[in-house]
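Worksheet: the structure to be examined is printed underneath.
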Amino acid sequence: MKLVSSAENSSLDWKAQYKYIEDVDDRGYTAGIIGFCSGTGDMLDLVELYTRRAPQNVLAKYLPALRKVNGTDSHKGLDPNYTKDWATAAKDKVFQKAQDDERDRVYFNPAVSQAKKDGLRTLGQFIYYDAIVMHGNGDDSLSFGSIRKNALKKAKPPSQGGDEVKYLHAFLDARKVAMKAEPEHENTSRVDTEQRVFLNKGNLDLNTPLSWKVYGDSYTIK
């Protein structure tokens, strides 16, 4: 989470991101610990889960609007108070737990599961996780699934008898192609000066200490 947060939020303090929300000119509002988006459906899923667990929560009233703006970058029905109410909800342990659970269900667990099936160690699991966070786990040409398929055309993973380092380089190469295809993701430093740094050092188990840069900023985990 610290590694992802350095790229997503320019901070290692990922638990401070429950309250994060802004429009970064990409998929409506982006918010929370993993960048749930009002335009892609995962924010809607999150608020629906929260409302099942805490029906009287401050965000429940926005569910009709979230359903309408899903698939767009519109704020219709959310402004002017949605960001303030999100910050209020973020103080609620029930909402924090809902963010954790949706992160695991949609992003973390699928990434780690697929990485283990491919015979990848901790670095590979993180590389998959970061890719699913940014690109989603769908079937379109820029999704995690397509990135992985393109990598498999170049190299075999350990589960198929391939070399782990070569395969991960192939995956990162394929991911950079996908990133550059989207203007909002064309800065590839989270691959170049973070993930590739660990890979070039042969740190396949992500043993600490770790030092890296993202978007020009330096970070360390001791």
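This is a predicted model, so every value here is computed, not measured. Numbers here simply count residues along the sequence, with the first being 1.
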Side chains of Ile132 and Gln114 in contact at under 4.5 Å (non-hydrogen atoms):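 The answer is no, as the side chains (C-beta and beyond) never meet within the 4.5 Å cut-off.
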Is [X] reaching over with its side chain to a backbone N or O of [Y], donor-acceptor style, under 3.5 angstrom?
X      : Y      : answer
Gln96  : Ala90  : yes
Asp163 : Val165 : yes
His135 : Phe144 : no
Thr122 : Leu206 : no
Gln99  : Gly32  : no

Distance, nearest 0.5 Å, that separates [atom1] of [X] from [atom2] of [Y]:
X      : Y      : atom1 : atom2 : result
Asp23  : Leu78  : CG    : CG    : 10.5 Å
Lys91  : Tyr18  : NZ    : OH    : 16.0 Å
Leu120 : Phe171 : CG    : CZ    : 9.0 Å
Leu59  : Leu66  : CG    : CG    : 8.0 Å
Arg148 : Ser143 : CZ    : OG    : 11.5 Å
Lys116 : Asp118 : NZ    : CG    : 13.0 Å

Could you go through Asp192 and Lys176, starting from their C-alpha distance and side-chain angles, then the distance that decides it, and tell me whether this counts as side-chain contact (heavy atoms from CB on, under 4.5 Å)? CA-CA 9 Å; Asp192 302 329; Lys176 284 184 66 170; 2.9 Å; yes
So which atom in [X] and which in [Y] form the shortest heavy-atom distance, rounded to 0.1 Å?
X      : Y      : value
Val58  : Ala89  : CG1-CB, 3.8 Å
Leu152 : Pro157 : CD2-CD, 3.4 Å
Thr72  : Ser74  : OG1-N, 3.1 Å
Ser146 : Ser141 : CB-O, 3.4 Å
Glu164 : Arg121 : OE2-N, 2.9 Å
Ala151 : Tyr167 : CB-CE1, 4.0 Å

Can you find a side-chain donor-acceptor pair between [X] and [Y] that sits under 3.5 Å?
X      : Y      : result
Tyr20  : Asn9   : no
Ser11  : Asp13  : no
Thr40  : Asp42  : yes
Asn109 : Ser113 : no
Asn57  : Thr51  : yes
Tyr128 : Asn137 : no

Are [X] and [Y] ion-paired here, with the side-chain N under 4.0 Å from a carboxylate O?
X      : Y      : result
Asp92  : Arg53  : no
Arg196 : Asp173 : yes
Glu182 : Arg27  : yes
Arg105 : Asp101 : no

With Trp212 as partner, the option from Ser189, Ser218, Ser6 fulfilling side chain to side chain donor-acceptor pair (under 3.5 Å) is Ser6
For the residue pair Tyr29 and Tyr82, does the interplanar ring angle fall in the parallel (under 30°), tilted (30 to 60°) or perpendicular (over 60°) class? tilted
For a side-chain contact (heavy atoms from CB on, under 4.5 Å) check, start with the C-alpha distance between Arg175 and Met134, then their side-chain angles and the critical distance, and finish with the verdict. CA-CA 10 Å; Arg175 179 165 179 204; Met134 175 177 282; 3.3 Å; yes
Apply side-chain contact (heavy atoms from CB on, under 4.5 Å) to the pair Asn203 and Leu210, showing each step before the final yes or no. CA-CA 9 Å; Asn203 191 358; Leu210 298 169; 3.4 Å; yes
Walk me through it: do Tyr62 and Asn81 pass the test side-chain contact (heavy atoms from CB on, under 4.5 Å)? CA-CA 10 Å; Tyr62 295 104; Asn81 292 319; 3.6 Å; yes
